[in-house]
Amino acid sequence: MFTILTGAQFGDEGKGKIIDLLAENYDIVVRFQGGDNAGHTVVVEGKKYKLHLIPSGAIFGRRLLIGPGVVLNPRVLWSEIQALESEGIKLDLGIDAKTSIIMPYHIELDGLREKARTEKIGTTNRGIGFAYVDKIAREEVQMEDLTDPALLEAKLKEIGPAKEKAIADLGGDPTVVRFAPFIDEYLEIGKRLKNKVTDVSSEINIALIEEKSVLAEGAQGAFLDVIHGTQKFVTSSFTTAGSACANLGVGPVMVDNVVGVVKAYITRVGEGPMPTELKGELGEKMREKGAEYGTTTGRPRRCGWFDAVLALKSVYLNGYTELALTKLDVLTGLDPIKICVGYDLDGECIGYPPESTLRLARCRPLYEDMPGWTEEISAALAYEDLPENAQAYVERLEDLMGVEISAVSVGPGREQTIYREEPEE
Ligand code: GDP
Ligand code: IMO
Ligand code: MG
């Protein structure tokens, strides 16, 4: 069985929690894109794990793979491995030989470029965009190069001068490219990781032939996709479900399920349009109640009402077969609860997002009100335990997206998850 899971909004939907839960029933969990810009949280028995590169199946002890479409910072990976192992978590990790390595000059360039922009993107400053630029330009250092000093030296000799020039042009310090002590450090990490280097595509395809199950873990969310998102306020990878096949080297016919993770409201970190953003007290209330601060950067997340117009587009972009709805508990006590069901764009009423980011930024939300509830729901065990109004809210979102919500999350813990029965025929 091959399942792909992606974020349906602007990231931070609670993918880590849902992947951890699903991992119980999978043999392999594999990350297919992004880098340590991701921050996926898993909470088990009150203990919080923040994962940036290691797939969220770690706590269940699954085979964990990092695919060649990921951009990997070896320092971050190494410290994450050590942190998890010191917690007593045994990792069975494989990293594709072709995985692009985030070099210190990518991080330097990310910071310098962002500083120079008049209109900021608000990147996580992890060097993500510049690492992907190098992949497409065929000038990247790959995982395999870290395991062989001669390979790394030859690569840096070839690509180094252009990187030095790029940094100097932006007013930075070009010595980070070739002469810094990081090279020894990277090679040392490469030596330690050498026995983990693998061919991810081959591992997954063989596993599927052997009828094992594979869960592909997406990072970020649909509207941060570099093609279909709110360009230019996006990340630099392909975040939608289709990208899992291309990035992992698995044929599309192998896909059985596509799970979307969707928050009961919406959040965004960084710049870019967000039609339902609540800038006042209500937005702050959501942020505090939902602990909406970035897992990677600690930045406050912008919060707003559920945007069903964007959600419908996300369903189209990903082809979801089912949805997990998270953070319903955060809406307790709000009345009414608003759902954005359309936009007013320059006086015209539309039900699907405009194709251009500039036009999306001009959209004003058109809301439908739903009655709220006051009962705490974070201890609810069954769907029937939820207040009627909460059930009505879940079902209204399901109607608007046209996809079954098979799980409802009411708190960060594993046990705070309500599975819904299959609807009767
Ligand atoms: P990801 O990037 O999609 O994995 O999401 P993050 O981990 O960055 O952010 C989601 C945050 O919400 C984490 O702190 C989770 O522990 C927490 N969380 C997940 N599901 C729920 C839920 O249903 N209710 C509440 N209150 N918190 C949740
Ligand atoms: P997870 O996997 C939320 C955002 C950044 C910025 C934009 C570009 O935890 O959901 P980048 O550093 O990628 O070049 O930044 O993308 N961003 C995220 N926002 N969750 C994430 O990951 C994100 N990864 C990147 O805030 O707006
Ligand atoms: Mg996150």
Side-chain angles (χ1 to χ4, degrees), residues 5-21 31 33-44 46-53 55-56 70-71 73 102 106-107 109-111 113-114 120-133 217-226 229-237 239 260-272 274 286 288-302 324-332 376-378 380 407-418:
L5 179 146
T6 62
Q9 293 155 321
F10 290 105
D12 302 326
E13 296 88 352
K15 298 177 291 293
K17 165 172 170 163
I18 303 299
I19 288 159
D20 166 65
L21 286 169
R31 258 290 290 279
Q33 44 71 233
D36 62 303
N37 49 349
H40 297 176
T41 316
V42 178
V43 180
V44 180
K47 184 146 187 39
K48 194 183 261 193
Y49 303 90
K50 291 181 178 186
L51 304 165
H52 300 285
L53 282 165
S56 305
V70 168
V71 286
N73 181 326
I102 296 186
H106 293 134
I107 300 169
L109 284 165
D110 194 353
R113 191 69 198 92
E114 182 74 355
K120 311 284 182 207
I121 293 174
T123 75
T124 59
N125 199 23
R126 297 297 192 270
I128 305 296
F130 285 89
Y132 278 117
V133 164
E217 168 171 349
Q220 289 82 50
F223 300 107
L224 293 175
D225 182 86
V226 71
T230 55
Q231 269 278 14
K232 67 174 193 189
F233 308 99
V234 291
T235 191
S236 297
S237 67
T239 62
V261 184
V262 65
K263 210 178 265 191
Y265 48 100
I266 198 164
T267 62
R268 174 165 207 169
V269 212
E271 304 304 318
M274 177 177 160
M286 273 185 189
E288 292 316 310
K289 182 121 198 263
E292 295 294 359
Y293 292 88
T295 312
T296 300
T297 59
R299 289 179 291 176
R301 296 175 182 153
R302 300 153 64 194
L325 182 74
T326 60
K327 304 192 94 158
L328 187 64
D329 53 303
V330 176
L331 297 181
T332 298
E376 271 307 325
I377 59 170
S378 45
V408 179
S409 171
V410 291
R414 267 185 188 163
E415 64 294 350
Q416 293 173 299
T417 315
I418 296 167

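For ligands, and for the atoms within them, numbers begin at 1 and follow the listed sequence.
- A side-chain contact (heavy atoms from CB on, under 4.5 Å) with Val261 is found for exactly one of Leu325, Asp12, Ile19, Leu5, namely Leu5.
- Using a cutoff of 4.0 Å between basic side-chain nitrogens and carboxylate oxygens, Lys263 and Glu292 are scored as salt-bridged.
- In Asp12, the N, O or S atom that comes nearest to the Mg ion (ligand 3) is OD1.
- By the 4.0 Å N-to-carboxylate-O rule, Arg302 lies too far from Glu271 to be salt-bridged with it.
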Which protein N or O atoms sit under 3.5 Å from any N or O of ligand 1? Give each pair with its distance.
{"from": "ligand 1", "atom 1": "2 (O)", "to": "Asp12", "atom 2": "OD1", "distance (Å)": "3.3"}
{"from": "ligand 1", "atom 1": "2 (O)", "to": "Gly39", "atom 2": "O", "distance (Å)": "2.9"}
{"from": "ligand 1", "atom 1": "3 (O)", "to": "Glu13", "atom 2": "N", "distance (Å)": "3.1"}
{"from": "ligand 1", "atom 1": "3 (O)", "to": "Gly14", "atom 2": "N", "distance (Å)": "2.9"}
{"from": "ligand 1", "atom 1": "3 (O)", "to": "Lys15", "atom 2": "N", "distance (Å)": "2.7"}
{"from": "ligand 1", "atom 1": "3 (O)", "to": "Lys15", "atom 2": "NZ", "distance (Å)": "2.9"}
{"from": "ligand 1", "atom 1": "4 (O)", "to": "Lys15", "atom 2": "N", "distance (Å)": "3.3"}
{"from": "ligand 1", "atom 1": "4 (O)", "to": "Gly16", "atom 2": "N", "distance (Å)": "2.8"}
{"from": "ligand 1", "atom 1": "5 (O)", "to": "Gly14", "atom 2": "N", "distance (Å)": "3.3"}
{"from": "ligand 1", "atom 1": "7 (O)", "to": "Thr41", "atom 2": "N", "distance (Å)": "2.9"}
{"from": "ligand 1", "atom 1": "7 (O)", "to": "Thr41", "atom 2": "OG1", "distance (Å)": "2.5"}
{"from": "ligand 1", "atom 1": "8 (O)", "to": "Asp12", "atom 2": "OD1", "distance (Å)": "3.0"}
{"from": "ligand 1", "atom 1": "8 (O)", "to": "Gly39", "atom 2": "O", "distance (Å)": "2.9"}
{"from": "ligand 1", "atom 1": "8 (O)", "to": "Thr295", "atom 2": "OG1", "distance (Å)": "2.8"}
{"from": "ligand 1", "atom 1": "8 (O)", "to": "Arg301", "atom 2": "NH2", "distance (Å)": "3.1"}
{"from": "ligand 1", "atom 1": "12 (O)", "to": "Lys327", "atom 2": "NZ", "distance (Å)": "2.9"}
{"from": "ligand 1", "atom 1": "23 (O)", "to": "Lys327", "atom 2": "N", "distance (Å)": "2.9"}
{"from": "ligand 1", "atom 1": "23 (O)", "to": "Ser409", "atom 2": "O", "distance (Å)": "3.2"}
{"from": "ligand 1", "atom 1": "23 (O)", "to": "Ser409", "atom 2": "OG", "distance (Å)": "2.5"}
{"from": "ligand 1", "atom 1": "23 (O)", "to": "Gly411", "atom 2": "N", "distance (Å)": "3.1"}
{"from": "ligand 1", "atom 1": "23 (O)", "to": "Gly411", "atom 2": "O", "distance (Å)": "3.4"}
{"from": "ligand 1", "atom 1": "24 (N)", "to": "Asp329", "atom 2": "OD1", "distance (Å)": "2.8"}
{"from": "ligand 1", "atom 1": "24 (N)", "to": "Asp329", "atom 2": "OD2", "distance (Å)": "3.4"}
{"from": "ligand 1", "atom 1": "24 (N)", "to": "Gly411", "atom 2": "N", "distance (Å)": "3.3"}
{"from": "ligand 1", "atom 1": "26 (N)", "to": "Asp329", "atom 2": "OD2", "distance (Å)": "2.8"}

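- Put simply, Gly39 gets within reach of the Mg ion (ligand 3), with an N, O or S atom under 2.8 Å from it.
- Between Ile107 and Ile102, the shortest heavy-atom contact is CG1-CG2, 3.9 Å.
- Residues Asp110 and Arg126 are not paired through a salt bridge, judged by the lack of any N-O separation under 4.0 Å between the basic side chain and the carboxylate.
- Ordered by chain and residue number, the residues placing a heavy atom less than 4.0 Å from ligand 2 are Phe10, Gly11, Asp12, Lys15, Asn37, Ala38, Gly39, His40, Ile121, Gly122, Thr123, Thr124, Ala219, Gln220, Leu224, Val234, Thr235, Val269, Gly270, Arg299.
- Between the side chain of Tyr132 and the main chain of Gly34, a donor-acceptor pair closer than 3.5 Å is present.
- When atom types are taken as modelled, the side chain of Ser409 and the backbone of Thr417 share no donor-acceptor pair closer than 3.5 angstrom.
- For the pair Leu331 and Ala264, the tightest heavy-atom approach, listed with the atom from each and the gap, is CD1-O, 3.6 Å.
- Under a 3.5 Å cut-off, the side chain of Arg31 and the backbone N or O of His52 do form a donor-acceptor pair.
- For Gly122 against Arg299, the heavy-atom pair with the smallest separation is O-NH1, 2.8 Å.
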